[in-house]
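Values in this document were obtained by computation on a predicted structure and should not be read as measured data. As a basis for the values below, the full set of heavy atoms in this structure was taken, side chains included, without hydrogen atoms, waters or symmetry mates.
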Amino acid sequence: MNVNYTKLAKNLKGTSVPKPLSGTLSGHAAGEPFDKHVYAEIKKQFPKNTFRQYEYLNDLFSKNPNVIGFQARQALFNSPTVLFLLSRGKNATDKWSIENPFDEKQNDTADILVVKDGFYEIIDIKTRNISKSAQPPNIISAFKLAQVCAKMIENKEFNDFTINYFEIDWLLDNDKLVCYDTHFACLFKAQPGNLYINWAAAMQIQFHVSDLDQSFNGSMESWAKSYLKHFVAQAKKRAEDMITKFVIPFEKYIK
């Protein structure tokens with residue numbers, strides 16, 4: 001981990017961004033200006049190592065202009081796991097050129113990416129209007145995270161990256177959104193068995209960053225295996241519940 005989150009929190013608390021001119025004061029409308037605000041602060045810490053995800057891909061490909069095509073560009077990543085997390089699809093990667101670079105996508109894994117000494121610090125920014133109660137936001141697909149863990153184990157990649165979450169708690173003050181407080185959490189410091197999977201919400205793991213426990217002190221390998229055990233158990237239970245509720249009551253009518 002490279003970013004000094006204590007310093008980041010100190011620099012952000014009490015600062016503000018303009019109230020969005022359109023859209024509701026939630027989700028992307030409120031998150032985007034704070035996201036850019038956090039990005040600017042991290043960029044001060046690491047001016048040459050801080051990227052948006054699409055910026056990093058554009059930078060990587062533009063520095064290797066003779067590498068063309070999906071498979072060749074995939075090989076530019078030293079880590080299959082990081083490749084899985086950050087790369088774009090085959091068609092988009094094939095069509096990439098300096099004249100046709102990637103644009104930002106709302107579903108990119110990383111809001112902010114700090115790449116230093118071969119280590120990838122993936123940072124996801126979450127915002128929260130603390131004047132209202134709201135259910136925890138979608139964090140990451142439980143299935144995607146299971147795939148990440150499998151790739152980590154298959155390739156023995158346990159020291160190449162981390163996934164961190166930074167939450168900004170804000171309040172509306174006239175025409176400004178004011179940062180009231182901040183919270184930081186590392187996904188791989190949370191107890192895997194406590195991660196809540198909302199199967200009805202596209203299998204998304206959901207939590208407020210401020211509520212995420214950070215008590216796991218094992219290795220990345222043990223975290224990956226523990227998470228897969230949790231995911232498989234939850235998936236089996238979900239399958240059993242689906243059969244009980246949506247299959248068994250109707251089987252008698254088709255026999």
Enquirer: State which residues pass side chain to side chain contact (heavy atoms under 4.5 Å, CB included) with Asp241; sequence neighbours excluded, sorted by chain then number.
Expert: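 Partners of Asp241 by the side chain to side chain contact (heavy atoms under 4.5 Å, CB included) criterion, ordered by chain and then number, come out as Lys237.
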Enquirer: Please tell me if the side chains of Cys179 and Trp170 come closer than 4.5 Å, counting only heavy atoms from C-beta onward.
Expert: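 No, their side chains stay 4.5 Å or more apart.
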Enquirer: Considering non-hydrogen atoms only, spot the tightest contact between Asn2 and Glu121 and give its length.
Expert: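 For Asn2 versus Glu121, the nearest heavy atoms are N-OE1, 2.6 Å.
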Enquirer: Which ILVMFWY residues can you reach from Met242 by hopping between side chains whose heavy atoms are under 4.5 Å apart?
Expert: Phe246
Enquirer: State, yes or no, whether a side-chain contact exists between Thr182 and Phe166 at a heavy-atom distance under 4.5 Å.
Expert: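 Yes, at least one pair of side-chain atoms sits under 4.5 Å.
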Enquirer: Within the side chain of Ser222, is there an N or O that forms a donor-acceptor pair under 3.5 Å with the backbone of Gly218?
Expert: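 No, because the side chain of Ser222 does not come within donor-acceptor range (under 3.5 Å) of the backbone of Gly218.
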Enquirer: Quick one: closest heavy-atom pair of Ala190 and Gln214, and the distance?
Expert: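 Heavy-atom minimum between the residues: N-NE2, 3.8 Å.
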Enquirer: Can you establish whether the number of heavy atoms outside Tyr180 located under 6.0 Å from its atom OH is more than 12?
Expert: no
Enquirer: Look at the side chain of Lys229 and the backbone N and O of Pro192, then say whether any donor-acceptor pair between them is shorter than 3.5 Å.
Expert: no
Enquirer: Looking at Pro137 and Lys126, what are the two nearest heavy atoms and their distance?
Expert: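 For Pro137 and Lys126, the tightest heavy-atom pair comes out as CG-CD, 4.4 Å.
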Enquirer: Can you get from Leu12 to Val17 by hopping between Ile, Leu, Val, Met, Phe, Trp and Tyr side chains that sit under 4.5 Å apart?
Expert: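 Same cluster: Leu12 reaches Val17 through Ile, Leu, Val, Met, Phe, Trp or Tyr contacts under 4.5 Å.
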Enquirer: Atom SG in Cys186, atom CG in Leu212: separation rounded to 0.5 Å?
Expert: 9.0 Å
Enquirer: For the residue pair Phe250 and Tyr253, does the interplanar ring angle fall in the parallel (under 30°), tilted (30 to 60°) or perpendicular (over 60°) class?
Expert: tilted
Enquirer: Heavy atoms, side chains only, cut-off 4.5 Å: are Lys176 and Lys19 in contact?
Expert: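 They are not in contact (no side-chain heavy atoms under 4.5 Å apart), so the answer is no.
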Enquirer: Under the salt bridge (charged side-chain N to carboxylate O under 4.0 Å, His left out) definition, can you give me all pairs with a residue in residues 245-255, not counting sequence neighbours?
Expert: none
Enquirer: What residues, two or more places apart in sequence or in another chain, satisfy ring pair (Phe, Tyr, Trp, His ring centres under 6.0 Å) together with Phe207?
Expert: Tyr165
Enquirer: Please answer whether the main-chain N or O of Ala134 pairs with a side-chain N or O of His208 as donor and acceptor at a distance below 3.5 Å.
Expert: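 Flag set: sc His208 to bb Ala134 pair under 3.5 Å.
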Enquirer: For residues 48-55, which side-chain donor-acceptor pairs fall under 3.5 Å, sequence neighbours excluded?
Expert:
from, atom 1, to, atom 2, distance (Å)
Asn49, ND2, Val115, O, 3.0
Thr50, OG1, Phe46, O, 2.7
Arg52, NE, Glu104, OE2, 3.2
Arg52, NE, Asp111, O, 3.4
Arg52, NH1, Asp35, OD1, 3.0
Arg52, NH2, Asp35, OD1, 3.4
Arg52, NH2, Asp35, OD2, 2.9
Arg52, NH2, Glu104, OE2, 2.8
Gln53, OE1, Thr109, N, 3.1
Gln53, OE1, Ala110, N, 2.8
Gln53, NE2, Leu86, O, 3.0
Glu55, OE1, Tyr39, OH, 2.8
Glu55, OE1, Arg52, N, 2.8

Enquirer: Evaluate whether atom CG of Asp211 has more than 12 neighbouring non-hydrogen atoms of other residues, nucleotides or ligands under 6.0 angstrom away.
Expert: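 Yes.
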Enquirer: Would you say the side-chain atoms of Asp213 and Gln191 include a donor-acceptor pair closer than 3.5 Å?
Expert: no
Enquirer: Decide yes or no for Met220 and Asn159: does some side-chain heavy atom of the first lie under 4.5 Å from some side-chain heavy atom of the second?
Expert: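 SC-SC contact between Met220 and Asn159 ruled out.
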Enquirer: For Phe184, which residues count as a ring pair (Phe, Tyr, Trp, His ring centres under 6.0 Å) partner, sequence neighbours excluded?
Expert: Tyr5
Enquirer: When you group the ILVMFWY residues by side-chain heavy-atom contacts below 4.5 Å and let the links chain together, are Trp223 and Ile140 in the same group?
Expert: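 Yes, it is one cluster - the side chains of Ile140 and Trp223 are joined through contacts under 4.5 Å.
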Enquirer: One pair to check against side-chain hydrogen bond (donor to acceptor under 3.5 Å, both in side chains): Gln204 and Asn198. What are the steps and the verdict?
Expert: CA-CA 5 Å; Gln204 287 285 317; Asn198 189 336; over 6 Å; no
Enquirer: Same cluster or not: Leu145 versus Phe231, using hydrophobic residues (I, L, V, M, F, W, Y) connected whenever any side-chain heavy atoms lie under 4.5 Å apart?
Expert: yes
Enquirer: For the pair Glu240 and Lys236, find out whether any cationic side-chain nitrogen is under 4.0 Å from an anionic carboxylate oxygen.
Expert: no
Enquirer: Between Ile122 and Leu113, is any pair of side-chain heavy atoms under 4.5 Å apart?
Expert: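 The answer is yes, as the side chains (C-beta and beyond) meet within the 4.5 Å cut-off.
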Enquirer: Flag yes if Ile168 and Ile130 sit in one hydrophobic cluster, no otherwise; membership is Ile, Leu, Val, Met, Phe, Trp, Tyr, and two members link when side-chain heavy atoms are under 4.5 Å apart.
Expert: no
Enquirer: Can you name the salt bridge (charged side-chain N to carboxylate O under 4.0 Å, His left out) partners of Asp108, sequence neighbours left out?
Expert: Arg88
Enquirer: Within the structure provided, determine whether Val178 and Leu172 are in side-chain contact (heavy-atom separation under 4.5 Å).
Expert: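 They are not in contact (no side-chain heavy atoms under 4.5 Å apart), so the answer is no.
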Enquirer: Do Val148 and Thr81 make a side-chain contact, defined as non-hydrogen atoms from C-beta onward lying under 4.5 Å apart?
Expert: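 Yes, close enough: below the 4.5 Å cut-off.
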Enquirer: Taking all heavy atoms of Glu157 and all of Pro80, pick out the closest pair and write down the distance.
Expert: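 Distance-wise, the nearest heavy atoms are OE2-CD, 3.0 Å.
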Enquirer: Please enumerate all residues that pass salt bridge (charged side-chain N to carboxylate O under 4.0 Å, His left out) together with Lys105, with sequence neighbours excluded.
Expert: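 Partners of Lys105 by the salt bridge (charged side-chain N to carboxylate O under 4.0 Å, His left out) criterion come out as none, since no residue qualifies.
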Enquirer: Look at the side-chain heavy atoms of Ile, Leu, Val, Met, Phe, Trp and Tyr, link any pair under 4.5 Å apart, and say whether Ile243 and Trp199 land in one connected group.
Expert: no
Enquirer: For the CG atom on Asn78, are there more than 12 heavy atoms of other groups (residues, nucleotides or ligands in this structure) within a distance under 6.0 Å?
Expert: no
Enquirer: Would you name the heavy atoms of Gln45 and Asn4 that are closest together and state the gap between them?
Expert: OE1-N, 3.0 Å
Enquirer: Who are the salt bridge (charged side-chain N to carboxylate O under 4.0 Å, His left out) partners of Lys189, not counting sequence neighbours?
Expert: none
Enquirer: Quick one: which residue pairs count as a ring pair (Phe, Tyr, Trp, His ring centres under 6.0 Å) with a foot in residues 111-135, not counting sequence neighbours?
Expert: Tyr56-Tyr120
Enquirer: With heavy-atom distances below 4.5 Å as the criterion, would you say the side chains of Ile197 and His230 are in contact?
Expert: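 When only atoms from C-beta onward are counted, His230 and Ile197 do touch, with a gap below 4.5 Å.
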Enquirer: Return all side-chain donor-acceptor pairs below 3.5 angstrom for residues 96-103, not counting sequence neighbours, or 'none' if the list is empty.
Expert:
from, atom 1, to, atom 2, distance (Å)
Trp96, NE1, Asn58, OD1, 2.8
Ser97, OG, Glu99, N, 3.3
Ser97, OG, Asn100, N, 3.0
Asn100, ND2, Lys95, O, 3.0

Enquirer: Any ring pair (Phe, Tyr, Trp, His ring centres under 6.0 Å) involving residues 139-163? Give me the pairs, sequence neighbours left out, ordered by first then second residue.
Expert: Phe161-Phe188
Enquirer: Does CD in Gln71 sit with more than 12 non-hydrogen atoms of other residues, nucleotides or ligands closer than 6.0 Å?
Expert: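 Open: at most 12 neighbouring heavy atoms sit under 6.0 Å from CD of Gln71.
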Enquirer: Work out which heavy atom in Ile125 is nearest to a heavy atom in Ile123; give both atom names and the distance.
Expert: CD1-CG2, 3.8 Å
Enquirer: Walk me through whether Ser87 and Arg73 qualify under side-chain hydrogen bond (donor to acceptor under 3.5 Å, both in side chains).
Expert: CA-CA 9 Å; Ser87 64; Arg73 285 170 173 158; over 6 Å; no
